[in-house]
Asks: 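Below is one structure. I have some questions about it.
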Amino acid sequence: MCLAIPARVVRVDGSKAQVDFGEGVLREVNVTLVEAKVGDYVLVHAGYAIQTVDEKEALETLSLWNEILAAGKQ
Amino acid sequence: MAEKLRFRDPELAKSIAQQIQKLAPKDGTVKLCHVCGTHEWTITHYGLRSLLPKNVEVIAGPGCPVCIVPAAEIDEAVQLAQKGAVVTCFGDALRVPGSEMSLLEAKAAGADVRVVYGVSDAVGMARREQDKEFVFFAMGFETTAPSTAVEALGNPPENFGFLVSHRLIPPAMELLLGVGDLNISGFIAPGHVSAIIGMKPYELFPRVYRMPTVVAGFEPIDVLMAVYMILKQLSEGAARLENEYSRVVKWEGNTRALEVMNKAFAVTGGNWRGIGRLPGSALKLREELAAFDAREKYDVHVAQGKDILLGCECHLVIIGKIKPNECPMFMKACTPTKPVGACMVSSEGTCSVWARSAAT
Ligand code: SF4
């Protein structure tokens, strides 16, 4: 039940935002708990955005993983 | 988006598994524990256990917020529904057994019980149907509690009440360390709870208990990485708190969410199904919001319920002491279509995750 799904913010209107879960259908979520701008990815749980996804950190994690992949090939 | 790029990459998974093999101890068993139904789903669904060496075990702790709500609190919801209030709840809560009946059975007997996607939907219904009393059965860990807090602080309508059954994860993790023969060597901490609470509440695990603790996300690679990071710590004889899920989890957590939670709720002791009472593990609405506390508002208080039905081993599954297939009822008398215990009812319950995965 603690699953939260990432969605892209398409429009922000006060405490509400329209987000896209990648299905092309826009859904309304409450964004009072986060600072979300259009284009950000937010994690949505039970109709609430609970955190923004940090794209820079995501890329850093991926490069760390690539190092492991490279180490495994040696 | 980066999130999708490699988080399920089989080649990467194999490579991490190789590193895990190298780090696994030569003798003895290492038992790692996660406390999240979604982690269990990832592990089971992607068959991650089969990628691990035989002596590296990952067990599931109390990670299903629906399963651990005690029967007494289901009984309270049933009583509210029987008294004529419209009880709104998450879909998973419907079939969870109470002492006498579940909310679904109360509904079948004529009570108005409605499934909602989130608390806002419940508040919306109450505003539209002012001639009825509405109650939201607020279950969930720290991931879910902030949304309840926002609605409780946001002037809910007068015909609305909250039956708060939120629970906090760190006290349950601490309990596991006291369970005699469980012998956990490391924690995989739950990513979405941590998105709210941050890293700080886990500091005591390495510091006081010398327990490597890694906060992890929910893609298969995230979980494998967490196993790798814990084994690395163990091989160094170290115990650190590390963050594998830094794309979502900040050290300080979500400070806005923590603030609203703190404003709306006070921390109190709470009963956990199959576990018993844990101090400092539950939330209740603060005095100022007592007018919206369904227990006070409608005078419903059940002190004791029947948590575990005869033959059900949920109390052992919940703390990771046995695996679902070690319960004699698993997939015999107890199946997803005819569940017996809470662990089979909720889609995040360990028994249900195992059952559905075996079926596919
Ligand atoms: S298989 Fe069913 S009866 Fe056995 S522990 Fe799980 S929920 Fe309880």
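Fair warning: this is a prediction, and the values are worked out from it, not measured in the lab. Order of the sequence lines sets the chain letters (A, B, ...), proteins ahead of strands, with each chain counted from 1.
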Asks: Let me confirm one number: the OG-NZ distance from B:Ser120 to A:Lys16, rounded to the nearest 0.5 Å.
Replies: 6.5 Å
Asks: For chain A, find which of B:Pro190, B:Ala195, B:Ser246 contributes the most heavy-atom pairs closer than 4.5 angstrom.
Replies: B:Ser246
Asks: Could you tell me whether A:Arg11 atom CZ has more than 12 heavy atoms of other residues or ligands within 6.0 Å of it?
Replies: no
Asks: How about NZ on B:Lys250, more than 12 heavy atoms from neighbouring residues, nucleotides or ligands closer than 6.0 Å, or not?
Replies: yes
Asks: Quick check for you: to the nearest 0.5 Å, what is the distance between A:Ile50 atom CD1 and B:Thr143 atom OG1?
Replies: 5.5 Å
Asks: So which atom in A:Gln51 and which in B:Asn254 form the shortest heavy-atom distance, rounded to 0.1 Å?
Replies: NE2-CB, 3.8 Å
Asks: Tell me, out of B:Lys14, B:Glu259, B:Glu244, who's got the most heavy-atom pairs with chain A below 4.5 Å.
Replies: B:Glu244
Asks: Ignoring hydrogens, what is the shortest heavy-atom contact between B:Phe90 and A:Ala46? Give both atom names and the distance.
Replies: CE2-CB, 4.0 Å
Asks: Applying disulfide bond (SG atoms under 2.5 Å apart), can you list everything that pairs with B:Cys64, at least two apart in sequence or on another chain?
Replies: B:Cys67
Asks: Hey, what do you get for CD (A:Glu55) to CZ (B:Arg247), rounding to the nearest 0.5 Å?
Replies: 10.5 Å
Asks: What residues form a salt bridge (charged side-chain N to carboxylate O under 4.0 Å, His left out) with A:Glu57, not counting sequence neighbours?
Replies: none
Asks: When only heavy atoms count and the cut-off is under 4.5 Å, which of residues 31-40 of chain A reach chain B?
Replies: A:Val31, A:Thr32, A:Leu33, A:Val34, A:Glu35
Asks: Side chain, backbone, both or neither: which part of A:Val44 has an atom under 4.5 Å from a heavy atom of chain B?
Replies: side chain
Asks: Quick one: salt bridge (charged side-chain N to carboxylate O under 4.0 Å, His left out) partners of B:Lys200, sequence neighbours excluded?
Replies: B:Glu203
